[in-house]
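For reference, the structure is listed below as structure tokens.
These values consider heavy atoms only, across backbone and side chains, with no hydrogens, waters or symmetry-generated copies.
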Amino acid sequence: MGKRGRASERKGIKNISGIPGAKSVKVHPGVLGGAAAVVVCGVGIAAYSLIGGSSDGDGPTVDEKPVAAGPPTPAEVRATTRDFLAAWEKGDVSGAATLTDDRTAAKTALTAYAKDSHLTKVKLTPGKRAGAKVPFSVTSTVSYEGKNKPFAYESELTVVRRKNDGKTLVGWQPSVVHPDLKDGDRLVTGEAGDPPIKAVDRDGGELTAAKYPSLGTVLDSLREKFGDKAGGTAGVELRVVRKDSTKEAEKSATTKDDAKATPDKTLLTLSPGTPGTLKTTFDASLQATAEKETAKREQAAVVLVKPSTGEILAAANSKPGGFNTAFQGSLAPGSTMKVITSSLLLEKKLAGVDKKHPCPKYVTYGGWKFQNDDKFQIKDGTFRASFARSCNTAFISQAKKLQNDSLTKQAQEVFGLGRDNWSIGVPTFDGAVPVQSDAQMGASLIGQGGVRMNPLNMASVAATVKSGTFKQPYLVSPDVDKRTLATASRKMSGGTASALRELMHYTAVAGTAVEPMSGLGSDMGAKTGSAEVDGQKKPNGWFTAYRGDLAAGAVVQEGGHGGDSAGPLVRAMFLAGR
């Protein structure tokens, strides 16, 4: 709603009746142009249409009521909620929309709700308010082509105060209609856009969201992309249809092959379709472990891949109903990025595993002063020692010998990151290593600055080190839909790959990753990381590692040191993979 300035107390006061002795009334700017006004005169009450008027300040003034301010009172919250829900319940879309702070958006959403959802007998019941927030329950019946089924859910609204006139209104959000709705989304009942699928693991066992909660959004995405290829037939459903529909995505040349980031969601099935079977690369046992381990932790995510093929074996998040951090997260990876930076320094002969390498307490680059954790230093140390102990200054000290795009090219050309071209079968964020300069370029060498990754990306990094070449991770075989997997434009030399494995192995047996990797054999390596984030008391903890033909990436947000937080999560995955 636009803001409107208030007139001064005397401005706009005028005797507009033309009748001697009539009282003057205040002409508000907001009522000029056709609004009706009542003029009180000595002989009675008459209504006049205001076509215009001047402000000459003559006559007595009429005091304005002060505009209410501050949070809505409990009584206002109750009254506004009652009126809004009552209007919505009886189908008065315009009336309900008028009681919100975004009449146009609310009317569009509520009209679509009435038209597309086919919900009848809607009953809205407010719950116990918490300040200005009021939860409410919705009970209804979905009626479509002779089929009827009850449907109930919980939602919430917030009452706000409009600044210009102090009126209390419902703060409009699409989630008021249904908690799964975002801008432009709709509730639609009809034939499903995509046939259902029966997703199975690598051994043919069925994968369901009930058994593996982290796979809820993944299974929705798989249905959207492969439903019409798996041989099923569509049923009739009530579902959330996202604004960025698949057809729109297919028309867009800039949209990735893995369809939209947030898939449509089925809320109720009136008549089931016939599912087609879709085989994935998931390992049911490893997925169960990933679910169990992430559930123990706050804000954790982990991915396990097979280095020899790129197959994704498991992926899980602590909050399975929320954002898929494992595949789509975009977080600074901290010192796990030093694996990629080390490959760059090794290739450019700026470092050697057992060559002397500086690790001072501080180093300045681009006007910033960088330091190590606890301000440690390694006197007369080697690059092996700096990598194993995760010495920041050892890496930033080499920034002046690099070009601004050196790390970007290394990540893209050798590790397949940052090109936004992975096609694993569901939406992903493929990492970002932007070209930067000065201090930000120095920070990017240690996984800060503008560098962004997720557990899938870092699992792929460890897998690339283990196998010696980048193999794009995937969840569904490209044979199913003939899609092309991403490739790296060049392969690191055998010497560089061997050196990286030696550095990561040493870190696992004598460096910061000792405890999580203890007893896991000789064919393994790891790198820890901690990424500082503004506003967080503790950094995000990262861990990337390989063991045999398994490679993992994990993050625990606000977990602190990666070896203590994300490391045990990866260890559990490796032990389950025996």
Work out which heavy atom in [X] is nearest to a heavy atom in [Y]; give both atom names and the distance.
{"X": "N540", "Y": "Q557", "answer": "OD1-CA, 3.1 Å"}
{"X": "T281", "Y": "R202", "answer": "O-NH1, 2.7 Å"}
{"X": "S342", "Y": "F383", "answer": "OG-CZ, 3.5 Å"}
{"X": "N392", "Y": "S335", "answer": "OD1-OG, 3.9 Å"}
{"X": "P196", "Y": "T233", "answer": "CD-O, 3.2 Å"}
{"X": "P275", "Y": "I197", "answer": "CB-C, 3.9 Å"}

Could you go through K211 and E206, starting from their C-alpha distance and side-chain angles, then the distance that decides it, and tell me whether this counts as salt bridge (Lys or Arg N to Asp or Glu O under 4.0 Å)? CA-CA 9 Å; K211 190 172 183 179; E206 186 173 5; over 6 Å; no
Determine, using ring centers only, whether Y546 and F574 are less than 6.0 Å apart.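 No; Y546 has its ring centre 6.0 Å or more from that of F574.
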If only side-chain N and O atoms count, and only distance matters, is there a donor-acceptor pair under 3.5 Å linking [Y] with [X]?
{"X": "S214", "Y": "N317", "value": "no"}
{"X": "S308", "Y": "D549", "value": "yes"}
{"X": "R490", "Y": "Q410", "value": "yes"}

Regarding R242 and E224, does a basic nitrogen lie under 4.0 Å from an acidic carboxylate oxygen?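 Looking at R242 and E224, the cut-off is not met.
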Looking at S518 and E515, would you say the former's side chain and the latter's main chain have a donor-acceptor pair under 3.5 Å?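 The answer is no, because no donor-acceptor pair under 3.5 Å joins these two groups.
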Salt bridge (Lys or Arg N to Asp or Glu O under 4.0 Å) between D180 and K265, worked out: CA-CA 9 Å; D180 281 322; K265 181 176 182 178; 3.2 Å; yes
Close side-chain approach of K338 and S390, heavy atoms under 4.5 Å: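 Side chain of K338 against side chain of S390, heavy atoms only: contact under 4.5 Å found.
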Does R452 qualify as a cation-pi partner of F429, given the criterion of NZ or CZ under 6.0 Å from the six-membered ring centre and within 45 degrees of its axis?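 No, cation not above the ring by the 6.0 Å, 45° rule.
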Within 45° cone and under 6.0 Å: K527 NZ/CZ vs F387 ring: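 Yes, K527 and F387 form such a contact.
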